[in-house]
Amino acid sequence: FFFSQFFMPKVRGRRKKTRTHKEATEDSVYEHPKCFVIKRGKVGQYLNQLKKEIRFLMYPNTAMDLKEGSSQNIKDFLSVGGVFGVSHFMVMTKSDNSAYLKFLKTPNGPTITFRINSYTLAKDMSAENPKVPSMGKLFTNAPLLVLKGFKSEVDGDTNQIVSLMLQSIFPPINVNSVKLSNCKRVVLFSQDAEGQIEMRHYTISSRQRNVNKSIKRMVNKGNVGNLGKFKDIADYVLSQGGYSTDSEAEDLPHSTVTLPQDFSNKQKNTNIAIQLRETGPRMTLELVKIQEGFMKGNVVFHKYVKKSKKEILKQMGEIKKKRELKAERKRIQEANVERKQKEKEALKKRAEGKEEDEIEEKVEENDDGFEEVADEDAQQKNESKMLFKKGKNSRNKILGKRINSEGNKKFEFNSKKR
C-alpha cells in the first residue's frame with residue numbers, strides 16, 4: 001500500500017497506474033544467448049565455488065540457483081533448457097588428475113573441452129586487494145567480450161571454432177544502439193603462442209583527466225575530506241598541488257577518451273581515462289578436445305590422440321555402421337511395438353465379443369428361466385384355484401348337510417310340540 005501510494009499519482013481523486021509490465025514474447029526469450037553452468041560428479045569445495053563465481057560472471061543470462069542432483073542427467077537439463085531458451089552449457093567435471101570445463105552448443109553441438117590448469121577465486125582476489133569492487137549493480141548487465149590471439153590461418157581450424165563458440169556465448173553488441181551505462185564489465189580471453197588461454201574478468205571504471213589532484217579526488221571518489229582547517233576551497237586545492245601521479249597510463253596518447261554519452265557520473269563530451277580492475281575469477285585453460293555433436297560425435301581435434309587419414313576414415317566407417325545398426329534396431333523395435341499393439345487391440349476386441357456373446361446367452365437363459373418360472377407360477381395359480389374351488393364345493397356340501405340336519409331337527413321339534 002505504501003509503494004502504491006508513493007509511486008502512483010492521483011488523477012481526479014483516483015490513482016493512475018503509470019508502470020506496466022510487458023509480457024515475455026518468444027522473440028524476447030530467444031533474443032540473447034543463455035547458458036546453464038553446472039557440474040557433473042564430485043568436484044570438491046573450491047571448484048564448486050568456482051562454478052558459482054562463473055555463474056556471477058555470466059549473469060544475468062544464466063540461472064544462479066540451479067540445483068544439480070545425482071539422479072539428474074544431462075538430458076534432463078537439456079529438455080528443461082529448451083523451454084527457457086538456453087543456448088549453451090558450461091559443464092565442470094573433475095578426474096583424478098585435473099579439472100575440466102566444457103563449452104557446449106545446444107542442441108547439435110559442437111562440444112569443446114578445456115583443461116583447467118590453474119584458477120583463482122574472486123573471493124581470494126578481493127581478500128588480497130580491497131579495491132576490488134563488490135558484486136552489486138555491476139552485474140545487472142552482461143559483460144563485454146574481448147578476444148586476443150585467436151587468429152585462424154585455415155578456414156575451420158581450432159582457433160576459429162573456439163572463437164566462434166566464445167562469441168556465441170556472450171550477447172552481441174550493436175555499436176549504433178549500445179548504451180555506455182550498460183557497459184560495466186569485460187571478459188578477456190587471451191591465447192599465447194603455446195596455446196594457453198588466459199581468462200580474466202574486469203570491471204570498467206572511469207577517471208577524470210588533466211585536472212588538479214584534489215579536484216580529481218573529489219570528482220572521481222566523491223571524498224572531500226575534512227575542510228575544517230581551510231578558510232576557502234582554493235586553499236584545499238592549492239595545498240594538495242600538482243597533477244595526479246596515481247596512474248602514468250593516463251598520460252599516454254591513446255588513453256584519452258571523449259564520452260559520446262553520459263557514463264557513470266561523467267557527463268557527455270568529457271575527457272576521461274578508462275581503468276580496468278580485475279574482479280575475478282581467473283582461469284588458465286588448455287584446449288584438449290573438440291567434438292562435432294552435443295557431448296558425442298566425430299572428434300575434430302584431440303591434443304593427445306593423433307590419427308592418420310586412413311584411421312579417421314576407418315573410424316568414420318565404424319561410426320556410420322553403428323548409426324545404421326542403431327537405426328535398424330530402432331526400426332525393428334518400433335515394428336514390434338506396433339505389432340504388439342495390434343495384437344493387444346485384437347485380443348481386446350475378441351474379449352469384448354466373447355463378453356457380448358456370454359451376456360446374450362445369459363439373457364436368453366434368464367428369459368427361458370423366466371418363462372419356466374412364469375409357467376410354474378401359472379400352474380401353481382391354477383392348482384390353487386382348483387383347490388380353492390374344490391374346497392369351496394366341499395365346504396358347501398358340509399354346510400348343506402348341516403343345514404339339512406338342523407332343518408330336520410327343527411321340523412321334528414315343531415312336530416313334537418304339535
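Position 1 is the first residue of the sequence, and the numbers go up from there. Bear in mind the structure is a predicted one, so any value in this text is a computation, not a measurement. Because only heavy atoms are used, hydrogens play no part in the values below, and waters and symmetry mates are left out as well, while side chains stay in.
- For the 3.5 Å distance criterion, the side chains of His88 and Thr106 fail to qualify, holding no donor opposite an acceptor.
- Residue Glu318 qualifies as enclosed at atom CD: its count of foreign heavy atoms under 6.0 Å is above 12.
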| request: Under the ring-ring contact (aromatic ring centres under 6.0 Å, His included) rule, what do Phe77 and Phe89 come out as? Steps first, then yes or no, please. | output: CA-CA 9 Å; Phe77 292 104; Phe89 277 69; 7.0 Å; no

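- Residues Thr284 and Ser118 bring a donor and an acceptor atom of their side chains to less than 3.5 Å of each other.
- The backbone N or O of Leu50 sits nowhere less than 3.5 Å from a side-chain atom of Glu53 that would complete a donor-acceptor pair.
- Scanning both residues, Met125 and Gly280, for their nearest heavy atoms gives SD-CA, 3.6 Å.
- When all heavy atoms of Phe150 and Ser163 are compared, the closest pair comes out as CB-CB, 4.1 Å.
- Checked options Val162, Thr158, Val300; the residue passing with Ile112 is Val162 (criterion: side chain to side chain contact (heavy atoms under 4.5 Å, CB included)).
- In this model, no donor atom of one side chain and acceptor atom of the other lie less than 3.5 Å apart for Asn108 and Glu292.
- With respect to the salt-bridge test (charged N to carboxylate O, under 4.0 angstrom), the residues Glu343 and Arg339 qualify.
- A 4.5 Å side-chain heavy-atom check between Pro281 and Tyr119 finds every atom pair outside the cut-off.
- Residues Arg40 and Val43 approach most closely at O-CG1, 4.2 Å, considering heavy atoms.
- At least one donor-acceptor pair closer than 3.5 Å links the side chain of Asn73 to the backbone N or O of Asp76.
- Between Ser190 and Glu198, the side chains place no donor N or O within less than 3.5 Å of an acceptor N or O (distance only, hydrogens not considered).
- Within a 6.0 Å sphere centred on NZ of Lys39, other residues, nucleotides and ligands contribute more than 12 heavy atoms.
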| task | Might you work through the side chain to side chain contact (heavy atoms under 4.5 Å, CB included) test for Thr279 and Tyr202, ending with a clear yes or no? | result | CA-CA 5 Å; Thr279 307; Tyr202 300 96; 5.8 Å; no

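- Heavy-atom contacts from other residues, nucleotides or ligands closer than 6.0 Å to NZ of Lys322 number 12 or fewer.
- In this structure a side-chain-to-backbone donor-acceptor pair under 3.5 Å is present from Asp192 to Gln196.
- Interatomic distance, CG of Leu285 versus CD1 of Ile197, reported as 6.0 Å (0.5 Å rounding).
- Annotation: side chain of Val186 is not in contact with side chain of Pro143 (no heavy-atom distance under 4.5 Å).
- Checking side-chain atoms of Asn336 against main-chain N and O of Ile332 turns up a donor-acceptor pair under 3.5 Å.
- Using modelled atom types, no side-chain atom of Ser152 and backbone atom of Asp155 make a donor-acceptor pair closer than 3.5 Å.
- Side chains of Ile54 and Met92 form a contact here, defined as non-hydrogen atoms less than 4.5 Å apart.
- Separating the CG atom in Leu188 from the CG atom in Leu147 is a distance of 8.0 Å, to the nearest 0.5 Å.
- For the pair Arg55 (side chain) and Val37 (backbone), a donor-acceptor distance under 3.5 Å is present.
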| task | For the pair Val288 and Phe114, evaluate side chain to side chain contact (heavy atoms under 4.5 Å, CB included) and give the outcome as yes or no after the intermediate values. | result | CA-CA 5 Å; Val288 176; Phe114 294 96; 6.0 Å; no

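- A donor-acceptor pair shorter than 3.5 Å can be found between the side chains of Asn48 and Lys51.
- A distance of 14.5 Å separates NZ of Lys67 from CD1 of Ile38, quoted to the nearest 0.5 Å.
- Distance alone, capped at 3.5 Å, is enough to place a donor-acceptor pair between the Ser79 side chain and the Lys75 backbone.
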| Audit row: Glu345, Lys349, salt bridge (Lys or Arg N to Asp or Glu O under 4.0 Å) steps and yes/no | CA-CA 6 Å; Glu345 291 178 357; Lys349 289 181 180 179; 5.6 Å; no

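- Of all non-hydrogen atoms in Leu104 and Met165, the two that sit nearest each other are C-CE, 4.2 Å.
- For the residue pair Arg185 / His201, a side-chain donor-acceptor distance below 3.5 Å is found, with atom types taken as modelled.
- Rounding to the nearest 0.5 angstrom, the gap separating the CE atom in Met58 from the NZ atom in Lys34 is 11.5 Å.
- Taking 4.5 Å as the limit, every side-chain heavy atom of Val91 sits out of range of all side-chain heavy atoms of Phe103.
- Closest approach of Gly149 to Gln191, counting heavy atoms only: O-NE2, 3.0 Å.
- Looking only at distances, no side-chain donor or acceptor of Glu334 sits under 3.5 Å from a matching main-chain atom of Arg331.
- Looking at heavy atoms from C-beta onward, Arg282 lies in side-chain contact with Glu278 at the 4.5 angstrom threshold.
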| task | Dump the intermediate steps for side chain to side chain contact (heavy atoms under 4.5 Å, CB included) on Leu145 and Ile169, then the final yes or no. | result | CA-CA 10 Å; Leu145 176 65; Ile169 292 177; over 6 Å; no

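- Within the 3.5 Å criterion, the main-chain N or O of Gln291 finds no donor-acceptor partner in the side chain of Thr111.
- Of all heavy-atom pairs between Pro33 and Asn61, the closest is O-CB, 3.5 Å.
- Within 6.0 Å of the OH atom in Tyr59, the count of heavy atoms belonging to other residues, nucleotides or ligands does not exceed 12.
- Rounding to the nearest 0.5 Å places CD of Gln49 at 4.5 Å from NZ of Lys123.
- At distances below 3.5 Å, at least one donor-acceptor pair connects side-chain atoms of Thr203 with backbone N or O atoms of Arg277.
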| request: Run the numbers on Phe56 and Thr62 for side chain to side chain contact (heavy atoms under 4.5 Å, CB included), then give the verdict. | output: CA-CA 8 Å; Phe56 270 105; Thr62 188; over 6 Å; no

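- Atom CG of residue Leu166 and atom CD1 of residue Ile161 lie 12.0 Å apart, to the nearest 0.5 angstrom.
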